[in-house]
Amino acid sequence: MSLKIVQNFDGSFTLEAQAQETLFNLLTSDAFLNQIRQQLQCEQIKFTELIFQPVPYSLTTTKGMPAEFEKYHESDEYAIINVPPNFMFSAKIFKPSRLCAIYQKFGNG
């Protein structure tokens, strides 16, 4: 069995305004922010309003994300989380089927 490397993958997408508003409200809810803070063991966390579709490994996307988001992956000041499937469903987002959100961390413990 051989491994096929994807040369390029278009991870672009557009969310309808209502879907994005619903999703952002869920991603910034106090309960969810508290859960992330506990997991990351930091004092504060802020949603950057940056989301992206995970992409397959390719020559240009070696981290599984569009190249412009790799700087957040490499920084200790940011955390990348998978958007929970129930949030996607509540916001009526079905394409793309997966999203990641970027949070900025403050006061790491």
Side-chain angles (χ1 to χ4, degrees):
M1 182 190 308
S2 64
L3 183 66
K4 181 180 179 193
I5 296 178
V6 176
Q7 295 297 322
N8 200 350
F9 181 85
D10 183 10
S12 62
F13 64 93
T14 304
L15 297 179
E16 292 182 17
Q18 183 62 46
Q20 180 175 319
E21 181 182 345
T22 301
L23 181 63
F24 283 18
N25 286 339
L26 292 166
L27 292 172
T28 57
S29 70
D30 287 338
F32 191 63
L33 291 176
N34 286 334
Q35 184 179 356
I36 296 172
R37 261 198 310 272
Q38 289 176 358
Q39 285 283 339
L40 298 175
Q41 298 179 350
C42 61
E43 294 174 21
Q44 278 295 359
I45 193 153
K46 178 184 173 201
F47 178 46
T48 63
E49 297 190 357
L50 296 172
I51 55 175
F52 64 88
Q53 177 183 8
V55 296
Y57 176 91
S58 75
L59 297 174
T60 57
T61 57
T62 58
K63 305 276 189 230
M65 62 186 68
E68 64 266 24
F69 293 102
E70 288 185 7
K71 63 184 175 189
Y72 300 105
H73 179 269
E74 295 161 358
S75 172
D76 290 337
E77 295 178 25
Y78 294 90
I80 299 173
I81 63 144
N82 286 309
V83 174
N86 58 319
F87 285 13
M88 301 279 289
F89 183 78
S90 295
K92 296 182 173 68
I93 299 170
F94 305 105
K95 291 210 180 215
S97 60
R98 292 180 51 215
L99 289 174
C100 293
I102 301 175
Y103 288 82
Q104 186 172 11
K105 303 185 290 185
F106 302 96
N108 293 343

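For clarity, every value in this text was computed on a predicted model and none was experimentally measured.
Residue Glu70 qualifies as enclosed at atom CD: its count of foreign heavy atoms under 6.0 Å is above 12. Heavy atoms of other residues, nucleotides or ligands lying less than 6.0 angstrom from CZ of Phe89 number 12 at most. Surrounding CG of Asp30 are at most 12 heavy atoms belonging to other residues, nucleotides or ligands under 6.0 Å away.
Side-chain contact between Phe32 and Ile81 is present, with at least one heavy-atom pair separated by less than 4.5 Å. At least one side-chain heavy atom of Lys63 sits under 4.5 Å from a side-chain heavy atom of Glu74. Met65 is listed as a side-chain neighbour of Ile80, based on a closest heavy-atom distance under 4.5 Å.
Nearest heavy-atom pair, Met88 versus Pro96, reported as atom, atom and distance to 0.1 Å: CE-O, 3.3 Å. A pairwise comparison of heavy atoms in Leu26 and Phe87 identifies O-CE2, 3.5 Å as the closest pair. Nearest heavy atom pair, residue Leu40 against residue Ala79, reads CD1-CB, 3.5 Å. Ala91 approaches Thr22 most closely through the heavy-atom pair CA-CG2, 3.7 Å. Contact between Leu33 and Leu27 at its shortest, heavy atoms only, is CD2-O, 3.7 Å.
Taken from CD in Glu49 to OG1 in Thr28, the straight-line distance is 8.0 Å, to the nearest 0.5 Å. Atoms CD and NZ, from Glu77 and Lys71 in turn, are 12.0 Å apart once rounded to the nearest 0.5 Å. Between atom CG of residue Leu15 and atom CD of residue Glu21 there is a gap of 12.5 Å, rounded to the nearest 0.5 Å. Atom SG of Cys42 and atom CG of Asp76 lie 12.0 Å apart (nearest 0.5 Å). The distance from atom OH of Tyr72 to atom CG of Leu50, rounded to the nearest 0.5 Å, is 4.5 Å.
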- Task: Apply side-chain contact (heavy atoms from CB on, under 4.5 Å) to the pair Ile51 and Phe24, showing each step before the final yes or no.
- Result: CA-CA 10 Å; Ile51 55 175; Phe24 283 18; 4.1 Å; yes

- Message: Assess the residue pair Phe69 and Val55 against the criterion (side-chain contact (heavy atoms from CB on, under 4.5 Å)); give the C-alpha distance rounded to whole Å, side-chain angles, the decisive distance to 0.1 Å, and a yes or no.
- Response: CA-CA 11 Å; Phe69 293 102; Val55 296; over 6 Å; no

- Message: Could you go through Val83 and Ile93, starting from their C-alpha distance and side-chain angles, then the distance that decides it, and tell me whether this counts as side-chain contact (heavy atoms from CB on, under 4.5 Å)?
- Response: CA-CA 11 Å; Val83 174; Ile93 299 170; over 6 Å; no

- Working for side-chain contact (heavy atoms from CB on, under 4.5 Å), residues Gln38 and Gln35: CA-CA 5 Å; Gln38 289 176 358; Gln35 184 179 356; 5.5 Å; no

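Between Phe47 and Tyr103, the ring planes are tilted. Angles from 30° to 60° get that label.
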